[in-house]
Amino acid sequence: MTSLAKDGTPASPLVEVKDLKVHFPIKKGVIFDKVIGHVKAVDGVDLSIPRGRTYGLVGESGCGKSTLGRALLQLTPPTGGSVEFDGQELTKLAPGKLRSMRRRMQMIFQDPLSSLDPRQNVESILIEGLAAHGIGADRGERRKKVAETLDAVGLPRWALSRYPHEFSGGQRQRIGIARALVLGPDLIVADEPVSALDVSIQAQVINLLEELQDQLNLTYLVIAHDLAVVRHISDVVGVMYLGALVEEAPSDDIYAAPLHPYTRALMSAVPVPDPDVEDQRERILLAGDLPSPANPPKGCRFHTRCPWAQPTRCADERPVLRQITVEGLETGSDHRVACHWAEDIATGKLRPHEVKAELVHQEAETPTEVAPPSEPTSII
Amino acid sequence: MFRFIVRRLLQLIPTLFGLSLLLFVWLHRLPGGPETAILGERSTPELRARIREEMGLDQPIWVQYGRFMKRVLSGDLGTSIGTKRPVTTEFLERFPGTVELTITALIIAVGIGIPLGYIAARRRGTWIDQLSVGGALLGICIPVFFLGYIVKEVLAVNFGWFPTTGRQDVTIDATRVTGFFVLDGLLTREWDAAADAIMHLILPGIVLASIPLASIVRITRASVLEVVQEDYVRTAEAKGLTEQTVRSRHILRNAMLPVATTIGLLTGSLLSGAVLTETVFAFSGIGAFIVEAIDRRDYPVLMGFIMIVAVIYVLVNLLVDLSYSLIDPRVRVR
Amino acid sequence: MALLEVKDLSVVFARKGEREVRAVDGVSFDVDAGEVVGLVGESGCGKSVTSLAIMGLLPKRGVRVSGQATFDGMNLLQTDERTLRDIRGRDVAMIFQDPLSSLNPVVPIGLQVTEVLTRHRGMKGEAAKKEAAHLLERVGIPDPTRRLKEYPHQLSGGMRQRALIAMAVACAPRLLIADEPTTALDVTIQAQILELLKDLVRDSGTALLMITHDLGVVAGMCKSINVLYAGRRVESAPRRVLFAQRHHPYTVGLLGSIPRLDAPKGEKLRPITGSVRDVLPWAEGCAFAPRCFNRVDRCVDGPPELVWTAAQHGYRCVNPVMEAETAK
Amino acid sequence: MTLTGRKKEKIDRLGELAGAPEESGQSLLREAFKRLRRNPAAIAGAIILGLFVLIALFGPFLVPHDPVEPIGVDNGEVRSGQGIIPGISGEHWLGYDHQGRDEFSRMIVGARQTLWVGVVATFFGLAVGSLVGGLAGASYGLGGKWGRRLDGFLMRTVDILLAMPSLLLAVSIVAILGRSLLSVMIAVGMVSVPVFARLLRGSMIAQSSSDYVLAATALGVKRNKIALSHLLPNSLAPVLVQATLTLATAIIEAAGLSFLGLGNPDSAAPEWGVMLADAQGFLDVRPGLAIYPAVGIIITALGFTLLGEAMREALDPKLRK
Amino acid sequence: GCAESDRDDSGSGSDKTLVFGAAGDAKVLDPTFASDGETFRVLRQMYEGLVRSEEGGTKPVAGLAESWSSDAAGLVWTFKLRKGVKFHDGTDFNGEAVCVNFNRWYNAKGLMQSPDVTAYWQDIFGGFAKNESDKLPESLFKSCSAPDAGTAVITISRVTSKFPAALMLPAFSISSPEALKKYNADGLGGTADSVTYPEYATGHPVGTGPFKFVKWDTANKSVELERNDAYYGEKAKVKKLIFKTISDVNARKQALKNGEIQGYDLVDPADIPGLKSDGFNILPRPAFNVLYLAINQSGPGKAATSNVKVRQAIAHAINREAIVKAKYPDGSSVAINFQPPGLEGYNDGVTKYEYSTEKAKQLLAEAGVTNLKLKFHYPTEVTRPYMPAPKDIYELIAADLTKAGITTEAVPLKWNPDYLNAVQTGADHDLHLLGWTGDYGDAYNFIGTFFDRQKDEWGFNNPTLFEAFKKADSEPDATKRTAQYKEINKQVMDFLPGVPIAHGPPSLVFNKSVSGIKASPLTDERFVTAEVK
Ligand SMILES: Nc1ncnc2c1ncn2[C@@H]1O[C@H](COP(=O)(O)OP(=O)(O)OP(=O)(O)O)[C@@H](O)[C@H]1O
Ligand SMILES: Nc1ncnc2c1ncn2[C@@H]1O[C@H](COP(=O)(O)OP(=O)(O)OP(=O)(O)O)[C@@H](O)[C@H]1O
Ligand SMILES: [Mg+2]
Ligand SMILES: [Mg+2]
């Protein structure tokens, strides 16, 4: 797959993910745990992120976005598939090698506060990574580097001696970004980097991310559930549903020509701050909720909620991500969709119909472990 | 659920095994053995040596342990060196007393502790709060022998409301069925015997309750404090529910979870920890008997009792964990 | 006279030994029967405190509430606790942001619904259960009789929010306050819930006070919109007016911050600088001045007044943005 | 923009007020300390403990009589064998104890030993408990399959300790180590080992799934370092609070051991727990001998508990509102 | 019918119940296996032996045997038995029954030979017919015969001062031969480390005493007896006699005050004035005991302690008068012998060591000992009749010694087994407190027990002294023997293996309503005479 970098030259992929699977075992057993099933959080994802570009991942809560991001960074060991980073296969890397590889791939988290150790001040947060990788000969050198990074993310110098809880949400997220940046990485996985922030702060952070990318030629994988945000910062958008990509397209195409029914529904659900648009537009309301990844529907995962679902194929054949050609519709070579009926839907041959919501039975994911005692037992 | 129970019971096996080994070695390492205890002031080296030899105490410890385990595995916990009665009999005779006492103490502690903790939390920061917490603390700070003395002096000697010792008036000719005197009284319809047994439980119950009381108050208070600022309490208020409904259904029911664990833990320690209370009230229970057994280096009793107490402790906590899943549907025991 | 008239509502948190926090500072707005009014602003601007003050749900100690919140002629702020308890849940109902934490985890959904019916409609036993099932059905929960027996954790996020709504509308309240009812939900679910709320308002003539930080949400459903900043209303207008020509730089900034799905790619966001923490006390001048791109000396002369234009459009700014500048 | 001079200053100053606090960085602990200072219960607790510590430090230099000299026996005033123990007098403010020693002097001097027992016992329990719990928690949280096994093993061991009646534990520790002040303190400390271990473990496991641990892993920080510099410090708060509360119970439990005849062998040296235990033979004759040390212990325990509870609240993010 | 008629002649007290607070549980109901005071107390009400102690004294007087005599060599003893005595099960008491009992003890086999089981037999009579352990000595008992129903003849193998006084020990009570057989009295079960008592010992004691067994309620810690209406002597005045165990002394006191018990033993001396002023009857027992400070001569400080001057210094350093005055109840006395006064062999003329710190210092100087530091063991959690507050006494002695320049290192240990184990074995102790309460009225039971051979407790070897004991013990003539004991006491106090400190009278207390009980130095109180108003 070739795509053009911002300056128009073809970019080689920095990250190649092939058939990535992350299955969390569900255990049960009397004496020894037996695996009785799997939560298929990520179930066969292929994607490729070109150098210097932004890949955006959207999807409903629980569809496996974060897991994908973590598996890509080997923070969660993948069950299957491969992750190639700059030509290196990560899944087979020895722990020590992987650790030093981490310098080049970093992560930004959703909740800036909880991802910062409340007992570390900003300086030690930023220096920790440097120390772990032996960057900078001495403390002075490291401090210099930290100071530069601080400037880059727009934090004042006095921030160094402060603790995370003393900052506002936006500033905290800047600290999180600085922590990733200070190592000089090539790839940054940003898991919902702005979801916890106020709109104004969100915009600041988005702008910051964009600026940094321009300056440092960073490659991003941005995960978010807000389609508008993802589309805004991404070059390519992947739409995820229940552990798999259902559509992947350049960010302009995805708005202009959404092909997958789920993408369409998602698109129509995003509120637009414009009364005229809101009043006019027609909503595709999805019935029910995301099915459980432990027990995903057979065939097309979306068919239980799909207004275009057909009696044939949908329920028994799992669609693959493919390119389609439809007359009268400009779809680029890099626009792929996983739907059996994408052509017919695009042309309007198939009409949406009513869907009855199915029951989704939610269970507490991890049974609460019985609380440890905290009271002293008495001798007497 | 069933799996959970089986699993926990199976987990008990290695724990018990470890405990028995540890305990055995530990006990046998204590200076002085049953022979000194038996002989007292009149011991001579020759006599001690003979007893040790006859009891096999001069053999290597692992041989002794092997013998012990063999017997235990065949279902025999041996007999007490001190009383020469089977350990199981001793246990069955003394355990009911301790259970009755523990239950009484828990009823008192919970009955006082939870309301007190609740009030303290709702009036957080006021003098009522400090008073409840401090008052509950008082109980644990006054040593049992002193508290027992005061309680007896006032409620028994002064007012004559309660008896001070034993589990039942010795002049009552009660029929024994289960060994739980109150229960026996009810079963045999000897009402006076049952009433008398209850009266005998109250003072030691109060004294024993003083130990868990502080914990219960503290946990209840902390737990209620946490729950009252949960969103669902606000929702309940927004629904216009009456104060009682909000309190009982929405606050207390949720606040009870940690309290339940604490009570479970406390039950465990009360079962084996009522030593002083049992002594001070001449109450026939296992706590006092264990202490006697320690003094006598009564190895079979110590091994047997502690193993049984450990099992009961685990069972009680198993029950608490199960009751957890009853109070809190989110908790699936595993 | 409007169903709910909030006048000069102020809430001050004054705890011993701590700095006073003026969370709400003289807010006024009306909500009429059958209409949806929006309360918009960033985190911490006082939206929730406003709604809690109206409901009388603020903590009793360490809080000073002043002003009026007249519901159907009765000042809720002066009403005694007992009467309030009768009104809450029956005449005025509320739904909260996080549906999971707002439901009691250890009480089945059914009981949580029926307890409202029992309390306010005197229904008991089977009748209450039937009505509860009916309510769940009405908010779009499939297989309601089974759901009644289930616990909150067994429902999905959307279902939980529906259940909360069912409880809120159980007594057909005349006023419904929704405090960020969709923030914790996915967009597809958010769309379902918003649709449901719209239907309810339309069908039963309930007044809805919609609290949100998402201008997109209010754009689609509110009749009029109030923008809050640092505890004060900084702009207020019917929604079309507001989106067409906003005057307060804050409102302008808010809109400039939102990436729009329908905007062409490559357009830069124009966020407000700084954060909500950088406020000026209102007494000193405009609280927004430190972040304002349009500030002038007059901004800090004193507290700016709300200025009304003809089209029920009010803004609290001495140097408002006029049409031309909005585009900038 | 169009802002000028003084006005701009005003905005900048006020604007920065929130963003840039007065002093340099305030750690969570400092914040907690600030909250603590505003809590009347904490202040009361601190005052009590302050007094207690002062008495412990300087008491021995200020007492009117030698606390170990059996004055009353030597001069024949005290005949406890016949139930004669003179009470409060001008010379002896709290009277004699059963051995004819000056009770007041013993109370004052006893504060030091009492404090020492509580502190050392708690420290021992804390140290051993934290070691076990920390190791278990860290290996469970970060260690994969083998970590879980190690954790399982450690926790089973703790279970055994917990299942063992604490009295027996204490008795046997004292029996094995020989009776000394140290073994009493170890025995008391040992009883709280499971509490600390389970508390720290639980807390560490909870922390180990937090984002900042993941962040540190993503940074490439080594596991040991994560455990020591992230997990441990962040899990310590509840343990420290527990330690404060344990201090109170440790004093009481040491007294319980003396009651069972396992206390400090140097019995003449005054310690409140021992004094209380000694008094049990004279409850009828001179209840004061029990009351004075009991009140001393209660007040001290109250001080620790007030402070501990206040600390718990100050450190608990959930109760911060 | 029988009970009805009894009621008339024994007066108004006949249906009364007396509840007595015991400090410990009875352990067994077969006297043969009994060895502790609490068990003895219960058994003494149900059983009788050939000989008993005089009421309120220690001398042997007629029990089931009305009189006894020995041959000139002191080996063959003829006991004339009381007539018309019946066991509780209605069978007759006679010479045959006596021999059945003695032969039962003598012929004990297997587990019955365990020192844990037949402690007193082995203490007094040594071994058995067939000793199963080579460590057992030859038996003192040789044979028993019953020439007629009213006579029992017991032959012993050597002369000893113990016989027949020792027969007053409850362990040598006579059981019903019928019942012994019926309830399988010798059928001890289990193995040596896990013995089980037979039925007779746990639930069917049958003796000749004034009370009969009713029940033993272990779950409520009480033993219930009732009047033996067929008793040959004066019948008991109470219908029921219940022993209730209350181990804590404060609890006993409060139970008494609360009317749950009518009397109890081992009164805390400090409580006596209070109880008296509350109107309770204190019955002090004559002090038949001694507390001593042992000075071990092979302990860590043996270099010093083996020097008699140092031991004398210690004796002088201790203010025994002050200790007795402060810590002992009225009626206590400072000990100058290792045996109580009033017992044959007591010697007033021994060397007395008056309290003088100066003298102590001087003696130490003479011995050339400086900076003496001694390990001082004392027991905790115990009060013995001779030692009401060991810790307090230790503290006072330690303070005295300090004044004389001897420092002590305290080693407090739990009484049993830790303390006894530590002071009776090994050589890691210099000073310790211990004492003795007499089992029966004989000097040997005191001083012989202490000093008749080399013991770890004392750590000295003094063959002359040991020889003197042997000689005295085998002296059949009582007067001569007494003279020898006197001499021994003198010898002991010059050798000074330790310092005798006090004789303290332990007390019982009874409710006002109880009368008729006489305190016994041997704790042989007879409830048969007790009356409850
Ligand atoms: N450690 C784990 N063990 C078991 N199941 C897990 C684990 N982590 C995630 N899951 C499950 O995998 C699925 C995907 O989770 P993931 O966190 O990747 O979703 P997400 O798309 O990031 O959702 P969100 O938007 O809520 O963050 C969920 O059903 C989740 O319950
Ligand atoms: N109990 C309280 N004590 C002190 N201050 C409070 C309290 N509750 C709220 N505040 C303060 O009042 C202000 C307004 O809070 P409010 O919860 O109304 O904000 P909001 O607009 O609802 O924000 P969000 O979008 O985060 O819900 C905040 O600055 C907050 O710190
Ligand atoms: Mg996620
Ligand atoms: Mg809010």
Item checked: Region of A/L227 that comes under 4.5 Å of a non-hydrogen atom in chain C -> both

Note to self: Given heavy-atom pairs under 4.5 angstrom as the criterion, report whether the side chain, backbone, both or neither of A/N207 touches chain C.
What the structure shows: both

Check: Based on non-hydrogen pairs under 4.5 Å, which of C/P259, C/G253, C/A191, C/G220 is most in contact with chain A?
Finding: C/P259

Notebook entry, point to check: Which answer fits A/R231, side chain, backbone, both or neither, if we ask what part of it has an atom under 4.5 Å from a heavy atom of chain C?
Noted result: both

Next item on the list: Report yes if some heavy atom in the side chain of A/E210 is under 4.5 Å from a heavy atom in the side chain of C/K268; otherwise report no.
Entry: yes

Check: Side chain, backbone, both or neither: which part of A/S251 has an atom under 4.5 Å from a heavy atom of chain C?
Finding: side chain

Check: Which atoms of C/Q192 come close to chain A, meaning under 4.5 Å heavy atom to heavy atom: side chain ones, backbone ones, both, or neither?
Finding: both

Note to self: Report which part of A/L286 has an atom under 4.5 Å of a heavy atom belonging to chain C: side chain, backbone, both, or neither.
What the structure shows: both

Check: Does the side chain of C/L269 come within less than 4.5 Å of A/Q204's, by heavy atoms?
Finding: no

Next item on the list: Heavy atoms only, distances under 4.5 angstrom: which of A/L266, A/D279, A/I201 has the most pairs with chain C? Name it, please.
Entry: A/D279

Item checked: Toward chain A, the part of C/I258 with a non-hydrogen atom under 4.5 Å -> side chain

Checklist line | Which atom of A/P271 lies closest to which atom of C/Q190, heavy atoms considered | finding: CG-NE2, 3.2 Å

Item checked: Under 4.5 Å from a heavy atom of chain A, the part of C/L255 involved -> side chain

Notebook entry, point to check: Looking at A/D226, A/V277, A/D276, which makes the most heavy-atom pairs under 4.5 Å with chain C?
Noted result: A/D276

Check: Taking atom CZ of C/R270 and atom OG of A/S200, what is their separation to the nearest 0.5 Å?
Finding: 14.0 Å

Margin query: With a 4.5 Å cut-off on side-chain heavy atoms, are A/Y255 and C/L261 touching?
Written below: yes

Next item on the list: Using only heavy-atom distances, determine whether the side chains of A/E60 and C/T188 contain a donor-acceptor pair under 3.5 Å.
Entry: yes

Item checked: Within-4.5 Å side-chain heavy-atom neighbours: A/Q202 and C/S257 -> no

Margin query: Measuring only between side-chain heavy atoms, which start at C-beta, is C/V187 closer than 4.5 Å to A/H225?
Written below: no

Margin query: If we ignore hydrogens and angles and just use 3.5 Å, is the side chain of A/E278 paired with the main-chain N or O of C/M221 as donor and acceptor?
Written below: no

